[in-house]
Novice: 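Supplied in C-alpha cells, the structure appears directly below.
Keep in mind the model is a prediction, meaning the values are calculated, not measured. By convention here, the first residue in the shown sequence is residue 1.
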Amino acid sequence: MERWNNRLEGSYIYTDTSSVERGIAKLYLFLLPVRMISPLLGFAELFHGAALYFDFLLNILGIALYLVEHRFVLKISNSNSDRAFKTFGLTVCLLNLMSLVMAIITQITRGSYAGETAFSGILGMEIYFFQYVLMIAYNRRIFHVLSEDEIKRVLSGVCWCLLILGYYQILVLTFEGVFRSILNAVDVFHILWPETTMWKLSLTGKEGADAGNMFGIFVLPFLLGQLLDERKKGKALVQILLWIPPLVMMKSTSAYLMVLASVFGFLMCLYSGNTRKRLFIFCGGLLIIALLLIFGDTLVNLLPTDIRYLIFGKALDFTNGSTVARLVPFVTNWNAFLQEPIIGVGNGLQGYYYIEFFPEWARNVAGSDVMNFYNTAKNEIINGGLFLPGLLSGYGIVGIGLIIHVIHSMKSRLYQMRDTSTFAYNFFRIAVPAIIVCGLQTEFSGNYLIWFVIGLPFIEYEGERE
C-alpha cells in the first residue's frame, strides 16, 4: 500500500508499506498496556520479564518484517534522531560491557552465589537493556509506517478502552456478583486480572500501582497534551474528568504521586509558553499556596480517611508494609553502590549484597512482602528491584555519566521536536516527571508502554524527513 511519509517542496514522497506491516504497527500500539496472553505464557517462562507483555511478540515480528523488506540492511542515517538513537544504542552496549567486566571480577573474588554464577546474574539485565533498544527501534519504524494522525487515533482508542475497563472494574469492586462473573467469562486470555482478592482498580495490571503507571505515564500526559492543542481541548477535558472515579478506586499512593508529577509536567509546559501564560501560572501558584496555608487542614479533612492516608501519611509510615517494601531497595542499592562506586557492582548482581545490607527495621513489618524478597535473595541472585536506583548501583558513576550523555542528546532532540511534532513534544515533556517517580518505585523491564513514551525523542517525525 502506498502512503505519503512527508512533503518536499510541495510534493509528496511515497514509500511502499505492506498492509500487513501497517496492521501489526496499529495492533502493537493498541496492545501497549496488554500483558502476555495465557496460551503464550511459555514465552514469559523462557524470557522472564522481557515477555510480560504481548507486544514482545509484535516487536519481534515488526522488526523481522522490516529486515526482510530491506533485505536485512539496517538503514541509519546521520539525521538528528538517528544520532540520538545511535548514542542510546552505543550506551547500552557500554553498560552491558561494564556489567560483564564486573561479573568476571565478582566471579573471581566472590565466586558463585546460591548455585548461580555472576554471569547468570547479569544475563537477565543484559537481555532487558538490549530489548530496550529493540523497543525504541520498532517505535521509530512505526512512525514511518503510520502517519502521526493515525498513531494519535489509535492511542486515543487505547485511552478510551482503558477508561471503559476502569468503570467496569468499579462495578466489579463495588457489587461483585454477576459483574465479576461476566469479567471472568470474557477474560479468556487472563489479561484483566479479575482475582477475587482484588480490592484495587488495576486496569490491565496486577495492582493499583500498575494502573497508576498506565494512567500517570501514558493516559494523562496524552490527554493533557491535547489540552495544549486548540482543536482537542473539549474532548480531552471531558475524558480527564471522567477518569477521576477510576483514579480514586486505584487506591494507590504511587498512582496519586504520578498524577501529581504529570500535572507538574503540564504546568511546566504552560510556564514555558508566552509571558502572559507564565504570569498566569505564577499568580495561580501563589494563590494555591496561600489557600493551602490558610485552609490546608480543612481541605485535607474533607478527603475520605483512606484517601487522605494514601496521599499524606503512607509515604512516611514505617509500619506500612508497602512503604517498607519500597524503601528497602533504596537502602540495599545505595550500599551496593558504595561497594563499587566507579563502575558499579554490575546490573543484576545487587543480590550479592542484598542480605548483607538488608535493614533490621524492615523485619517483621505487618502486611509487608519484603521478607519474601529477602528469602528469594537467599536462593538466587536478584537485581536492584527499582529502575533508577538499580542504574546507580549497577553502573556506578561512570555509567551514570554515560546515561546523562544520552539524556543530553534527548534534550537536544526536544528543541527540534517542538517544531516538527507538538504532539510528541508535549506528550514526552508532561510524562517525564511521572517516569522519574515510577523509576524510583519499580522496574521498567519488558514494559512496552513506558518505553514507547521514553522513546519519543529518538523518533524521526514527518516534518523532519527530506
Side-chain angles (χ1 to χ4, degrees), residues 49-50 74 76 78-106 118-119 121-140 329-330 332-350 352-353 383-417 428-429 431-433 435-440 442-447 450-459:
L74 291 174
I76 300 180
N78 199 37
S79 67
N80 294 320
S81 61
D82 284 5
R83 286 200 300 270
F85 178 64
K86 284 187 284 188
T87 298
F88 176 73
L90 178 60
T91 299
V92 167
C93 291
L94 291 175
L95 294 177
N96 281 349
L97 180 61
M98 288 166 57
S99 287
L100 178 60
V101 170
M102 285 309 302
I104 295 172
I105 294 173
T106 301
F119 302 105
I122 66 168
L123 180 61
M125 299 309 295
E126 301 266 299
I127 292 173
Y128 295 154
F129 272 71
F130 177 67
Q131 183 187 26
Y132 299 154
V133 177
L134 295 181
M135 288 176 175
I136 293 177
Y138 186 56
N139 292 341
R140 285 163 49 85
F330 282 93
T332 54
N333 275 291
W334 175 251
N335 282 288
F337 163 71
L338 294 179
Q339 298 301 299
E340 298 287 347
I342 305 303
I343 63 170
V345 298
N347 204 359
L349 301 181
Q350 291 91 340
Y352 273 86
Y353 307 90
N383 58 40
L386 304 177
F387 183 72
L388 292 178
L391 294 179
L392 178 66
S393 61
Y395 304 119
I397 296 172
V398 173
I400 295 300
L402 293 172
I403 292 168
I404 289 174
H405 179 60
V406 173
I407 293 173
H408 178 73
S409 69
M410 295 170 71
K411 183 179 177 181
S412 299
R413 282 287 298 144
L414 279 178
Y415 293 110
Q416 298 153 1
M417 291 164 58
F428 181 77
R429 287 191 67 198
V432 164
I435 291 171
I436 294 172
V437 171
C438 184
L440 293 170
T442 188
E443 262 290 355
F444 290 176
S445 54
N447 195 317
I450 290 177
W451 281 99
F452 174 80
V453 181
I454 294 175
L456 289 173
F458 300 102
I459 290 166

Novice: Testing I342, L402, I122 one by one against M98 for a side-chain contact (heavy atoms from CB on, under 4.5 Å), which residue passes?
Specialist: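 The single option meeting the side-chain contact (heavy atoms from CB on, under 4.5 Å) with M98 is L402.
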
Novice: Is any side-chain heavy atom of I459 closer than 4.5 Å to a side-chain heavy atom of S81?
Specialist: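 Side-chain contact under 4.5 Å: no.
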
Novice: For N335 and Y353, run side chain to side chain donor-acceptor pair (under 3.5 Å): C-alpha distance rounded to whole Å, both residues' side-chain angles, the deciding distance at 0.1 Å, then the answer.
Specialist: CA-CA 8 Å; N335 282 288; Y353 307 90; over 6 Å; no

Novice: Would you say R413's side chain and P457's backbone share a donor-acceptor pair under 3.5 angstrom?
Specialist: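 Answer holds: yes.
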
Novice: Assign the ring pair F387 / W451 to parallel, tilted or perpendicular, where the plane angle (0 to 90°) is split at 30° and 60°.
Specialist: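 Ring orientation of F387 relative to W451: perpendicular.
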
Novice: Does a side-chain heavy-atom distance below 4.5 Å link F85 with N80?
Specialist: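 No - every pair of side-chain heavy atoms lies 4.5 Å or more apart.
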
Novice: Please report the interatomic distance CD1(I400) to OH(Y395), rounded to the nearest 0.5 Å.
Specialist: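 I400 CD1 to Y395 OH: 9.5 Å, rounded to 0.5 Å.
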
Novice: Applying the side-chain contact (heavy atoms from CB on, under 4.5 Å) criterion to I403, which one of L392, L391, L388 satisfies it?
Specialist: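 Passing option: L391.
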
Novice: Kindly indicate whether the side chain of E443, heavy atoms from C-beta on, has any atom under 4.5 Å from the side chain of L386.
Specialist: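 Answer no - side chains too far apart.
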
Novice: So, for A103 and A118, which heavy atoms are closest and what is the spacing to 0.1 Å?
Specialist: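 Smallest interatomic distance, heavy atoms only, reads O-CB, 3.4 Å.
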
Novice: Say whether, by atom type as modelled, one donor and one acceptor occur between the side chain of T442 and the main chain of C438 under 3.5 angstrom.
Specialist: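 Absent.
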
Novice: About how many Å separate OG of S412 and CD1 of I407, when rounded to the nearest 0.5 Å?
Specialist: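 Reported value, rounded in 0.5 Å steps: 12.0 Å.
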
Novice: If you define the side chain from C-beta out and look only at heavy atoms, does anything of M410 sit under 4.5 Å from F428?
Specialist: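 Side chain of M410 against side chain of F428, heavy atoms only: contact under 4.5 Å found.
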
Novice: Hey, could you give me the CD1/OG distance between I343 and S99, rounded to the nearest 0.5 Å?
Specialist: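 Going from CD1 on I343 over to OG on S99, the span is 8.5 Å.
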
Novice: If you compare all heavy atoms of V133 against all heavy atoms of G89, which two are closest, and at what distance to 0.1 Å?
Specialist: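 Where V133 meets G89 most closely, the heavy atoms are CG2-CA, 4.3 Å.
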
Novice: Is the NZ atom of K86 crowded by more than 12 outside heavy atoms at less than 6.0 Å?
Specialist: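 Counting neighbours around NZ of K86, more than 12 heavy atoms of other residues, nucleotides or ligands fall under 6.0 Å, so yes.
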
Novice: Identify the heavy atoms of T106 and V345 that sit nearest to each other, and give their distance.
Specialist: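 T106 and V345 have their closest heavy atoms at OG1-O, 4.2 Å.
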
Novice: Please report the closest heavy-atom contact between G49 and Y128, naming both atoms and the distance.
Specialist: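 So the minimum-distance heavy-atom pair works out to N-OH, 3.0 Å.
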
Novice: Calculate, to the nearest 0.5 Å, the distance between atoms NZ and CD1 belonging to K411 and I404 respectively.
Specialist: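 K411 NZ to I404 CD1: 12.0 Å, rounded to 0.5 Å.
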
Novice: Near F130 CZ, under 6.0 Å, is it more than 12 heavy atoms from other residues, nucleotides or ligands?
Specialist: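 No.
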
Novice: Which atom names give the shortest non-hydrogen contact between I450 and N447, and what distance separates them?
Specialist: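 Taking every non-hydrogen atom into account, N-OD1, 3.2 Å.
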
Novice: Atom OG1 of T87 and atom NE2 of H408: how far apart are they, to the nearest 0.5 Å?
Specialist: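 Here the interatomic distance stands at 10.0 Å.
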
Novice: Determine the interplanar angle of the F337 and W334 rings, folded into 0 to 90°, and report it as parallel if under 30°, tilted if 30 to 60°, perpendicular if over 60°.
Specialist: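 Plane angle between 30° and 60°, so tilted.
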
Novice: Check the pair F458, N139 against side chain to side chain contact (heavy atoms under 4.5 Å, CB included), reporting the backbone distance first and the verdict last.
Specialist: CA-CA 9 Å; F458 300 102; N139 292 341; over 6 Å; no

Novice: At what distance, to the nearest 0.5 angstrom, does OH of Y138 lie from CE of M135?
Specialist: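 Spacing of OH (Y138) from CE (M135) equals 13.5 Å.
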
Novice: Return the minimal non-hydrogen interatomic distance between A50 and I127, and the atom names on each side.
Specialist: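 Closest heavy-atom pair between A50 and I127: CB-CG2, 4.4 Å.
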
Novice: Taking side chain as C-beta onward, heavy atoms only, is F452 less than 4.5 Å from I136?
Specialist: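 No, their side chains stay 4.5 Å or more apart.
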
Novice: Are F444 and I454 packed together at the side-chain level, in the sense that at least one heavy-atom pair is separated by less than 4.5 angstrom?
Specialist: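 Side chain of F444 against side chain of I454, heavy atoms only: contact under 4.5 Å found.
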
Novice: Between the main-chain N or O of G348 and the side-chain N or O of Q350, is there a donor-acceptor pair closer than 3.5 Å?
Specialist: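 Between the backbone of G348 and the side chain of Q350 there is a qualifying donor-acceptor contact (under 3.5 Å).
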
Novice: Counting C-beta onward and ignoring hydrogens, is there a side-chain heavy-atom pair between L349 and M125 closer than 4.5 Å?
Specialist: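 No - every pair of side-chain heavy atoms lies 4.5 Å or more apart.
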
Novice: Does any N or O in the side chain of N333 come within less than 3.5 Å of the main-chain N or O of S393, such that one atom is a donor and the other an acceptor?
Specialist: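 Here the side-chain-to-backbone pair does not exist.
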
